[in-house]
Amino acid sequence: MKVTVVGAGAVGASCAEYIAMKNFASEVVLLDIKEGYAEGKAMDLMQTASLNGFDTKITGSTNDYGKTANSDIAVITSGIPRKPGMTREELIGINAGIVKTVATSLLEHSPNVTIIVVSNPMDTMTYLVHKATGLPKNRIIGMGGALDSARFKYRLAQALEAPISDVDGMVIGGHSDKGMVPLIGHATRNSVKVSEFLSEEKMNWVVEETKVGGATLTGLLGTSAWYAPGAAVSSLVQAIACDQKKMFPCSSLLEGEYGLNDICIGVPVILGKNGIEKIVEIELSDAEKAKMQESAEGVKKTNGLLEV
Ligand SMILES: NC(=O)C1=CN([C@@H]2O[C@H](COP(=O)(O)OP(=O)(O)OC[C@H]3O[C@@H](n4cnc5c(N)ncnc54)[C@H](O)[C@@H]3O)[C@@H](O)[C@H]2O)C=CC1
Ligand SMILES: O=C([O-])CC(=O)C(=O)O
């Protein structure tokens with residue numbers, strides 16, 4: 001199992017590290033446009049192998065796609081991150097060109113690849129990869145909901161004063177400060193709805209903190225987060241590589257599901273060896289449906305800025 005990670009920056013390197021630590025891939029190729037940068041990160045990570053007990057080979061490449069040839073899975077993290085006060089949507093001007101070039105270069109060397117898109121604004125970048133490559137929809141996956149759901153569970157556990165392993169919940173919709181739809185009505189603590197434990201006010205706090213999870217970290221760090229994003233990507237890669245049939249909310253091209261068309265947005269999907277093997281349509285309340293519709297309008301507005 002060969003995995004390529006494009007962009008050896010904060011998220012790309014974290015993602016390569018978690019994939020290697022989980023020890024399921026034979027090779028991870030890290031590629032970056034900055035001369036020597038990916039080679040340096042790959043060498044540093046390889047020097048953790050004997051300490052951390054993994055056998056995955058990590059190779060660095062300065063923009064040489066020959067080294068990525070015949071990758072099974074590729075992750076696109078190349079592009080710029082936001083700074084405090086910015087929205088993800090503001091990154092489109094620079095990142096769209098980068099993502100389009102990277103996706104076509106990947107495909108030239110790995111015709112059977114499944115692509116996971118991370119660069120922001122992620123739902124629009126996922127849609128762009130569809131338009132630019134024409135790959136079947138099961139092989140293009142946007143990573144956002146897996147991370148947003150992890151942040152939702154973190155906030156739920158805080159509000160419940162419970163261990164995170166007691167908590168389950170999911171965030172669907174667009175990966176944006178306004179567009180996320182944390183499904184608080186479906187969230188549970190050991191199969192019991194969280195509304196049995198939390199006041200309306202506490203539940204609203206959980207929802208609002210989840211939606212601005214990325215912005216909060218950007219304010220604290222001066223750039224956006226990387227550990228949880230890297231871990232979330234590695235979970236998606238593992239689900240595909242190991243044919244786990246696990247369910248994650250991912251940005252997926254919709255063709256009528258959830259009443260939406262011609263858009264990539266976060267919905268629950270089953271991930272296995274064929275990438276997105278199924279889009280799961282769950283029953284939403286009228287309020288959740290309205291939020292999903294509003295979120296889709298936001299994503300479509302950003303898609304409208306693409307030159308495709
Ligand atoms: N979808 C999600 O949940 C998340 C998305 N992100 C997004 O991921 C992206 C990367 O974030 P960071 O790693 O923090 O940024 P970073 O600046 O640390 O790394 C980005 C890397 O991309 C490289 N790069 C730029 N153009 C390239 C090209 N044409 N080919 C190959 N490499 C190229 C840069 O040299 C840099 O090393 C950002 O757009 C950020 O907003 C970040 C966290 C979560
Ligand atoms: O907040 C950002 O810009 C990066 C990102 O998507 C996240 O961490 O959720």
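The first residue of the sequence shown is numbered 1, and numbering continues consecutively from there. Ligands are counted one by one from 1 in listed order, and the atoms in each one are counted from 1 as well. Both backbone and side-chain heavy atoms feed into the values below; hydrogens, waters and symmetry mates do not.
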A.B. asks: Under a 4.0 angstrom heavy-atom cut-off, which atoms of ligand 1 come close to N95?
C.D. replies: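 Going through ligand 1 atom by atom, the ones under 4.0 Å from N95 are 39 (O).
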A.B. asks: To check you understand the geometry: which heavy-atom pair defines the closest contact between I282 and Y258, and what is its length?
C.D. replies: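 In this case the closest contact between I282 and Y258 is N-OH, 2.9 Å.
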A.B. asks: At what distance is the nearest protein heavy atom to atom 10 (C) of ligand 1, and which residue and atom is it?
C.D. replies: T77 O, 3.0 Å
A.B. asks: Is a side-chain donor-acceptor pair under 3.5 Å present for S234 with K22?
C.D. replies: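 Yes, S234 and K22 have a side-chain donor paired with an acceptor closer than 3.5 Å.
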A.B. asks: Which heavy atom of the protein is the closest neighbour of atom 31 (C) of ligand 1, given with residue, atom name and distance?
C.D. replies: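 Atom 31 (C) of ligand 1 sits closest to the protein heavy atom I33 N, 3.5 Å.
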A.B. asks: Classify the contact between I98 and ligand 1 as side chain, backbone, both or neither, using a heavy-atom distance cut-off of under 4.0 Å.
C.D. replies: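 Only the side chain of I98 comes within reach of ligand 1.
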A.B. asks: Please report the closest heavy-atom contact between M203 and I184, naming both atoms and the distance.
C.D. replies: SD-CG1, 3.8 Å
A.B. asks: I141, Y18: one ILVMFWY side-chain cluster at the under-4.5 Å cut-off?
C.D. replies: yes
A.B. asks: Between M21 and T48, is any pair of side-chain heavy atoms under 4.5 Å apart?
C.D. replies: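 No - every pair of side-chain heavy atoms lies 4.5 Å or more apart.
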A.B. asks: Does E294 have more than 12 heavy atoms from other residues, nucleotides or ligands lying within 6.0 Å of its CD?
C.D. replies: no
A.B. asks: At under 4.0 Å between heavy atoms, which part of R151 makes contact with ligand 2: side chain, backbone, both or neither?
C.D. replies: side chain
A.B. asks: Does the side chain of Y127 come within less than 4.5 Å of T302's, by heavy atoms?
C.D. replies: no
A.B. asks: If we set the cut-off at 4.0 Å for heavy atoms, which region of H175 has an atom near ligand 1: side chain, backbone, both, or neither?
C.D. replies: side chain
A.B. asks: Nearest non-hydrogen contact with atom 25 (C) of ligand 1 belongs to which option: S251, P121, G79?
C.D. replies: G79
A.B. asks: Does R82, backbone or side chain, put an N or O under 3.5 Å from an N or O of ligand 1?
C.D. replies: no
A.B. asks: Is the shortest heavy-atom distance from the side chain of L236 to the side chain of K246 under 4.5 Å?
C.D. replies: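 Not touching, per the 4.5 Å side-chain cut-off.
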A.B. asks: Atom 33 (C) of ligand 1: which protein heavy atom is closest, and how many Å away?
C.D. replies: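 Result for atom 33 (C) of ligand 1: S78 CB, 3.5 Å.
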A.B. asks: Considering only the protein, which heavy-atom contact is closest to atom 5 (C) of ligand 1, and what is its distance?
C.D. replies: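 The answer is V118 O, 3.0 Å.
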A.B. asks: Ion pair present between K245 and E277, side-chain N to carboxylate O less than 4.0 angstrom?
C.D. replies: yes
A.B. asks: I'd like to check which ligand 1 atoms, numbered from 1 as shown, lie under 4.0 Å from a non-hydrogen atom of A225.
C.D. replies: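 Under 4.0 Å from A225, ligand 1 has these atoms: 43 (C).
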A.B. asks: Show me which atoms of ligand 1 lie under 4.0 Å from any heavy atom of K34.
C.D. replies: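 Near K34, the atoms of ligand 1 are 35 (O), 37 (O).
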A.B. asks: Under 4.5 Å between any side-chain heavy atoms of V237 and I116, yes or no?
C.D. replies: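 In contact.
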A.B. asks: Of the backbone atoms (N, CA, C, O) and the side-chain heavy atoms from C-beta on, which set of D32 has a member under 4.0 Å from an atom of ligand 1: side chain, backbone, both, or neither?
C.D. replies: both
A.B. asks: How about K211: does its NZ atom have over 12 heavy atoms from other parts shown lying under 6.0 Å from it?
C.D. replies: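 Enclosed.
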A.B. asks: Of the protein's non-hydrogen atoms, which lies at the shortest distance from atom 15 (O) of ligand 1, and what is that distance?
C.D. replies: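 The protein heavy atom lying closest is P81 CG, 3.5 Å.
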A.B. asks: Any idea which protein heavy atom is nearest atom 11 (O) of ligand 1, and the distance to it?
C.D. replies: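 Of the protein heavy atoms, V11 CG2, 3.8 Å lies nearest.
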A.B. asks: When you compare the side chains of T68 and T4, does any donor N or O come within less than 3.5 Å of an acceptor on the partner?
C.D. replies: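 Short answer, no.
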A.B. asks: Quick test of your reading of the structure: of N120, L31, I76, I116, whose heavy atom lies closest to atom 40 (C) of ligand 1?
C.D. replies: N120
A.B. asks: Do the charged groups of D72 and K273 touch, with an N to O distance under 4.0 Å?
C.D. replies: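 Between K273 and D72 there is no salt bridge, as every charged N stays at least 4.0 Å from the carboxylate O atoms.
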A.B. asks: Which ligand 1 atoms are under 4.0 Å away from a heavy-atom of L147?
C.D. replies: 3 (O), 44 (C)
A.B. asks: Need the ligand 2 atom indices (1-based, order shown) with element for anything under 4.0 Å from a heavy-atom of L147.
C.D. replies: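 Matching atoms, with element in brackets: 7 (C), 8 (O), 9 (O).
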A.B. asks: Does D166 reach the side chain of L160, with side-chain heavy atoms less than 4.5 Å apart?
C.D. replies: no
A.B. asks: So is M122 polar-close to ligand 1, meaning N/O to N/O under 3.5 Å?
C.D. replies: no
A.B. asks: Pull out every atom of ligand 1 sitting under 4.0 Å from any heavy atom of Y37, numbered as shown with elements.
C.D. replies: 37 (O)
A.B. asks: What part of V6 sits under 4.0 Å from ligand 1 if we count only heavy atoms: the side chain, the backbone, both or neither?
C.D. replies: side chain
A.B. asks: Counting only nitrogen or oxygen atoms and a 3.5 angstrom limit, does A8 reach ligand 1?
C.D. replies: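 N/O-N/O distance below 3.5 Å does not exist for this pair.
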A.B. asks: Taking distance alone, with no angle check, do L91 and ligand 1 share an N/O pair under 3.5 Å?
C.D. replies: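 The answer is no, given that L91 and ligand 1 share no N or O pair closer than 3.5 Å.
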A.B. asks: Tell me which protein heavy atom sits closest to atom 19 (O) of ligand 1, plus the residue, atom name and distance to 0.1 Å.
C.D. replies: G9 CA, 3.2 Å
A.B. asks: Within the 4.5 Å heavy-atom criterion, are I265 and S295 side-chain neighbours or not?
C.D. replies: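 A side-chain contact under 4.5 Å exists here.
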A.B. asks: Answer yes or no: is there an ion pair linking R88 with D177, defined by an N-O contact shorter than 4.0 Å?
C.D. replies: yes
A.B. asks: Tell me which part of A232 gets within contact of ligand 1: side chain, backbone, both or neither, using heavy atoms under 4.0 Å.
C.D. replies: neither
A.B. asks: For atom 39 (O) of ligand 1, which candidate among I80, L221, V75 provides the closest heavy atom?
C.D. replies: I80
A.B. asks: Check contact between W226 and ligand 1, using heavy atoms of the residue and a distance below 4.0 angstrom.
C.D. replies: no
A.B. asks: Using a 3.5 Å distance criterion without hydrogens, assess whether the side chain of N63 forms a donor-acceptor pair with backbone atoms of I33.
C.D. replies: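 Not at all, since once roles are kept as given, no pair shorter than 3.5 Å links the two residues.
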A.B. asks: Just how far is it from atom CD of E39 to atom CG of L30, taken to the nearest 0.5 Å?
C.D. replies: 9.5 Å
A.B. asks: What part of L217 sits under 4.0 Å from ligand 2 if we count only heavy atoms: the side chain, the backbone, both or neither?
C.D. replies: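 The answer is neither.
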A.B. asks: Give yes if a backbone or side-chain nitrogen or oxygen of G12 is under 3.5 Å from a nitrogen or oxygen of ligand 1, and no if not.
C.D. replies: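 No - when backbone and side-chain N and O of G12 are compared with those of ligand 1, no distance drops under 3.5 Å.
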A.B. asks: With side chains defined as the heavy atoms from C-beta onward, is the minimum distance between K137 and E255 less than 4.5 Å?
C.D. replies: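 In short, these two side chains touch, coming nearer than 4.5 Å.
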A.B. asks: Does a side-chain heavy-atom distance below 4.5 Å link F197 with E161?
C.D. replies: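 No. Closest side-chain heavy atoms not under 4.5 Å.
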A.B. asks: Tell me which part of T101 gets within contact of ligand 1: side chain, backbone, both or neither, using heavy atoms under 4.0 Å.
C.D. replies: neither
A.B. asks: Just heavy atoms, cut-off under 4.0 Å: does P229 contact ligand 1 by side chain, backbone, both, or neither?
C.D. replies: side chain
A.B. asks: Quick one: which ligand 2 atoms are inside 4.0 Å of a heavy atom on R82?
C.D. replies: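 With R82 as reference, the close atoms of ligand 2 come out as 1 (O), 2 (C), 3 (O).
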A.B. asks: For ligand 2, does H175 get within less than 4.0 Å through its side chain, its backbone, both, or neither, judged by non-hydrogen atoms?
C.D. replies: side chain
A.B. asks: Do me a favour and list the nearest non-hydrogen protein atom to atom 14 (O) of ligand 1 with residue, atom name and distance?
C.D. replies: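 Answer for atom 14 (O) of ligand 1: A10 CB, 3.6 Å.
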A.B. asks: Check this for me - ligand 1, Y65, N or O atoms closer than 3.5 angstrom, yes or no?
C.D. replies: no
